[in-house]
Amino acid sequence: MTQNFDAIDQLAVTTIRTLSIDAIEKANSGHPGAPMGLAPVAYLLFTRWLKHDPADPKWPDRDRFVLSCGHASMLLYSLLHLTGYELALDEIKNFRQWGSKTPGHPEVEEVPGAEMTTGPLGQGCATSVGMALAEAHLAANFNRPDHSIVDHRTWVLCSDGDLMEGVSAEAASLAGHLRLGKLVWIWDDNGITIEGSTNLSFTEDVPARFRAYGWRVLESDDGNDLEGLATTLGEAAASDGRPTLVRVRTHIAWGAPTKQDTASAHGSPLGAEEVRATKRFYGWPEGEAFRIPPEVGARCREVATRGAELHSEWQKGFDAWTATEPELAGEWRRRLGKGLPDDWAAALPVYEADGSKMATRAASGKVLNAIAPVITELVGGSADLAPSNKSLIDGGGDLTSDNPGNRNLRFGIREHAMGAILNGLSLHGGVRPYGATFLVFSDYMRPAIRLAALMGQPVIYIFTHDSVWVGEDGPTHQPVEHMLALRAIPDLVVLRPADANETAAAWRVALERVDGPTALLLSRQGLPVLEGALERGADGVAHGAYSIADCKSGAPDIVIIATGGEVSLALEARSELAKSAIDARVVSMPSWELFLDSAEDYRNSILPPAVPRLAVEAGVTLGWGDVVGGDGAVIGIDRFGASGQGAEVAQRLGLSVEAIVARARELVGDRA
Ligand SMILES: Cc1ncc(C[n+]2csc(CCOP(=O)(O)OP(=O)(O)O)c2C)c(N)n1
């Protein structure tokens with residue numbers, strides 16, 4: 001099929017190239033090479049294949065487009081501007097400047113039309129798998145024989161660096177397994193990275209690797225041949241049931257006389273001389289910057305017209321579907337609006353403090369299963385630790401290629417991809433994703449967790465086996481620095497509940513959060529159901545900390561602050577201290593972030609400024625100094641753990657009732 005390209009299309013491609021060059025030149029910063037090489041395929045995608053409506057970048061049934069090689073941001077901004085998104089030319093002239101809508105790398109909240117924040121290579125590719133999964137899952141649950149309200153593709157532009165990163169390999173493996181047929185990655189095979197030729201470090205047979213994952217691979221040998229590229233993209237758009245990798249051979253900085261095919265064109269402006277020579281080569285006025293020929297503007301804006309038509313066609317179908325499926329439509333609206341069902345919290349289980357013990361991971365599993373029938377958008381799974389993480393939805397079924405509507409995801413041992421896929425599920429909308437593994441392996445997910453926080457995505461992490469009480473598996477499996485490491489991520493809420501009731505409250509906080517991720521840190525070992533946690537825990541957890549056992553008199557002699565499993569130790573210590581007339585308050589502090597967010601009056605009521613404080617947590621002490629203040633003390637673990645029985649390891653590393661009592665006595669002045 002011939003695609004009828006004319007001189008205006010060629011001119012449009014050159015416009016994308018020169019806009020990118022000019023913006024980078026003006027900013028004196030940026031990456032011109034990739035936009036120059038990728039302009040033809042990206043132009044085709046945006047104008048002929050991508051289903052999108054520039055007037056409504058949030059149209060739920062739009063195709064998702066991810067620029068995984070975020071350093072090529074000017075390519076995206078040029079296309080968004082030309083095709084009619086709310087991104088003025090002045091924004092492009094302000095590329096990379098404070099407050100502009102054209103940040104150095106695309107940022108989802110800042111750039112209308114950016115589906116996600118990219119820049120860390122590999123993340124976009126892996127995240128796209130979550131978007132495609134969400135599409136398949138929602139299509140299975142919401143489409144009806146006469147109405148397809150969910151039917152779109154997920155497209156990715158990626159670079160060598162994206163495909164070198166392990167996270168893209170993990171995600172591609174899973175995408176092939178799940179046969180995500182509407183997923184297309186377009187690989188900018190330009191053979192150049194920052195240090196030079198890819199021959200330095202990347203000589204594997206990438207197409208063979210992807211075929212082995214179960215992908216279809218298409219190849220286009222000339223990244224400047226619009227006709228050839230269009231044929232290939234057309235094939236890519238026609239799914240054969242497998243995800244598709246399109247390898248496009250391009251030239252970095254195509255047209256730059258001395259910089260084409262060199263690493264120097266990757267990440268620096270071309271320079272005035274080279275810009276003039278490049279424009280001369282393109283047949284472009286040398287002296288004019290940010291030039292958009294009117295016929296190019298008009299041609300590109302046809303996308304907006306076509307997009308509006310596609311959107312309104314979809315809307316008609318959606319309205320008809322709404323009329324025949326009112327209940328389903330209500331559910332759709334609720335889910336897309338990120339609202340929880342009315343009265344959902346009534347489903348949360350409650351536990352009596354009857355002396356029984358329950359690991360908080362077990363409590364979490366019970367909470368999940370109690371709310372899953374009500375909160376139907378909950379979809380998730382574990383990186384092969386579901387039995388330990390208690391993360392399966394009973395009766396939810398495995399989400400497979402044959403049953404994409406099911407709710408239990410089997411991520412395999414792919415924590416990093418799991419993190420990114422959770423982001424993709426969340427960014428897509430319509431589902432509420434959670435992922436689980438041991439806390440110690442949260443390190444394997446950290447880049448994706450950081451992006452979830454940066455993008456404000458309400459992903460839920462279930463991190464179990466949260467301390468040295470893991471025991472016999474030894475220091476490789478015993479987290480010590482992880483709580484602090486997670487707390488260090490801005491906008492991530494970290495919650496370490498002390499018992500079953502606090503666990504339910506922590507889930508509540510996580511579910512009610514719509515603008516950022518939440519990590520639930522849960523114990524492997526059984527923990528007593530604590531008195532007071534049911535009555536005051538729900539509110540207390542939401543405030544980040546509360547007094548779970550107060551002093552007997554008006555003011556405490558000491559406040560003992562603890563988190564998770566250490567709260568019950570602190571409570572025992574309080575009873576011991578009472579024997580020597582030391583009147584202690586125990587504060588359960590499941591979340592630093594929420595506590596710091598609480599009103600100052602509340603904080604002072606929980607931690608009265610004049611009272612000495614002792615913090616107890618089975619992790620590194622770094623950071624606790626700020627909580628206890630200069631006169632306070634911290635009991636923690638500033639070393640790796642050790643193999644042995646959990647309770648013994650903890651005891652030997654200094655976490656015991658006796659140790660807490662002794663330190664508390666020191667702080668208040670020995671009264672024994
Ligand atoms: C995870 C990660 N590591 C390193 C970088 C820094 N970096 C930016 S681009 C790039 C590689 C550039 O090569 P390629 O991906 O082929 O892009 P091209 O040179 O073709 O533009 C690197 C190492 C990054 N952005 N993300």
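Order of appearance sets the numbers: ligands from 1, and atoms from 1 within every ligand. Everything quoted here is computed from the prediction, not taken from an experiment.
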Can you confirm, on distance only, whether ligand 1 has an N/O atom lying under 3.5 Å from any N/O atom belonging to G161?
yes

When you compare ligand 1 with D162, is there at least one nitrogen or oxygen pair between them that comes in under 3.5 angstrom?
no

Just need the protein heavy atom nearest to [atom], so name the residue and atom and give the distance.
atom	value
atom 3 (N) of ligand 1	E165 OE2, 3.8 Å
atom 22 (C) of ligand 1	I194 CD1, 3.4 Å
atom 10 (C) of ligand 1	L121 CD1, 3.5 Å
atom 9 (S) of ligand 1	H266 CE1, 3.2 Å

Partner of D22 under side-chain hydrogen bond (donor to acceptor under 3.5 Å, both in side chains), picked from R291, K279, K93, is K279

Do you know which of H416, E165, R450 makes side-chain hydrogen bond (donor to acceptor under 3.5 Å, both in side chains) with Q123?
H416

Identify which one of W215, Y213, F65 satisfies the ring pair (Phe, Tyr, Trp, His ring centres under 6.0 Å) criterion when paired with W185.
W215

Any side-chain donor-acceptor pair under 3.5 Å between T464 and N389?
yes

Under a plain distance cut-off of 3.5 Å, with no hydrogens placed, do D160 and T198 share a side-chain donor-acceptor pair?
no

For atom 14 (P) of ligand 1, which candidate among S159, P35, C69 provides the closest heavy atom?
S159

